[in-house]
Amino acid sequence: MRIATWNVNSVRSRIDRVTAFLERHDIDVLAIQETKCREDQFPGLELSAMGYEFAHRGLSQWNGVAIISRVGLDDVATQFADDQPMFGDPEIVEARSIGATCGGVRVWSLYVPNGRELGHPHYDYKLQWLERLRQASAQWLADDPTAQIALTGDWNVIPTDDDVWDVTAFEGKTHVSQPERDAFHAVVDAGYADVVRPFTPGPGVYTYWDYQQLAFPKKRGLRIDFVLASQALASRVETAWIDREERKGKGASDHAPVIVELSEM
DNA sequence: ATGGTCGATATTCGA
């Protein structure tokens, strides 16, 4: 079974790339982030015609997450916790998480808050969001240590200095601060391993390149998109890769997809 | 790598 995660930066403007990606890599389950549309606007007809089911959480032109699967899509949840942190005026639970069981794997598509600036209310929201996710993720494994769980998505955290083209360019900025890195590693320590890194060793391996200032051809990227897997799922990982080719050309998302190949059970 | 931001209930805001 092959699962992937990809911040598509608008699913409506990118649907042809999404369907081509599913075919090119023979993907069974795709978690996407930043759909940037409401549920009634989701371009699902082409996916259905290809034999995929989908579940989408989208409230407005911001955020939005979905799971696309051809191996089942059960027990859909649009929050990882009843008390998931809220943001906005008025405060709402934003469309940043959706979970579903696909082919025996509990898959989460996660879009971690960006944080905007150190000290910004959005930064505190980001840290609270990650901590609440850690709590929920730890509880799932406490309930069933053999559960196959994939925490996938855009984490908006640069976990180590090897995961950014020049860490000095990020001094005083979000994504590299110690509280953010600690919050990310706390999820890992709860029992969820980065199953892609062993197959894509760095430095210089990234999943995101800014649209501005020729970041992609200049290889100025960040590694912020991850598949974190519970032990039972991690033991099934045969290989993984980042589809850097998808970042090329006109109409590319600023993020590249990340793919994990699992052995059959 | 074949390019010098992009997307949306846009004309500003979020990333």
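All heavy atoms count here, side chains included; hydrogens, waters and symmetry mates do not. Convention: sequence-line order gives letters A, B, ...; per-chain numbering from 1.
With the nearest nucleotide of DNA chain B identified for both A:Tyr111 and A:Gln213, A:Gln213 has the one nearer the 5' end. In terms of position on DNA chain B, the residue among A:Pro113 and A:Lys219 whose nearest nucleotide sits closer to the 5' end is A:Lys219.
Taking the ring centre of A:Tyr206 as origin, the terminal cationic atom of A:Arg223 falls outside the region bounded by 6.0 Å and 45° from the ring axis.
Rounded to whole Å, the separation between the P atoms of B:dA10 and B:dT5 comes to 24 Å. Between B:dG7 and B:dT2, the two P atoms lie 16 Å apart (nearest whole Å).
For the pair A:Arg247 CZ and B:dT5 P, the computed distance is 12 Å after rounding to whole Å. Distance CG (A:Asn7) to P (B:dG7): 12 Å, rounded to an integer number of Å. For the pair A:His255 NE2 and B:dT5 P, the computed distance is 17 Å after rounding to whole Å. Rounded to a whole Å, the OH atom of A:Tyr208 is 13 Å from the P atom of B:dT5. Residue A:Arg12 contributes atom CZ, which lies 14 Å from atom C1' of B:dC6 at whole-angstrom precision. A straight line from CH2 of A:Trp62 to P of B:dA15 spans 8 Å, rounded to a whole angstrom. Distance CG (A:Asp40) to P (B:dA8): 14 Å, rounded to an integer number of Å. Taking atom NE2 of residue A:His120 and atom C1' of nucleotide B:dG14, one finds them 10 Å apart after rounding to whole Å.
Nearest nucleotide to the A:Tyr211 side chain, out of B:dA15, B:dA8, B:dC6: B:dC6. Of all nucleotides listed (B:dC6, B:dG7, B:dA15), B:dA15 comes nearest to the side chain of A:His122.
A:Gln212 comes within contact range of at least one nucleobase, with a heavy-atom separation under 4.0 Å.
Of the residues in residues 173-182 of chain A, none has a non-hydrogen atom less than 4.0 angstrom from any atom of DNA chain B.
By the side chain to side chain contact (heavy atoms under 4.5 Å, CB included) test, A:Glu171 is found to be paired with A:Thr168, residues two or more places apart in sequence or in another chain being considered. For A:Ala142, the side chain to side chain contact (heavy atoms under 4.5 Å, CB included) partners at least two apart in sequence or on another chain are A:Gln139. Not a single salt bridge (Lys or Arg N to Asp or Glu O under 4.0 Å) links A:Glu238 to another residue, sequence neighbours left out.
A:Asn114 and A:His122 form no side-chain donor-acceptor contact under 3.5 Å, judged by distance and modelled atom types alone.
Residue pairs meeting the ring-ring contact (aromatic ring centres under 6.0 Å, His included) criterion with at least one partner in residues 57-86 of chain A, sequence neighbours excluded, are A:Phe80-A:Trp129.
Considering only side-chain N and O atoms, A:Arg14 lies nowhere under 4.0 angstrom from the phosphate OP1 or OP2 of B:dC6. Here A:Arg116 reaches the OP1 or OP2 of B:dA15: one of its side-chain N or O atoms lies under 4.0 Å away.
Through side-chain heavy atoms spaced under 4.5 Å, either directly or across other Ile, Leu, Val, Met, Phe, Trp or Tyr residues, A:Met86 is tied to A:Val93.
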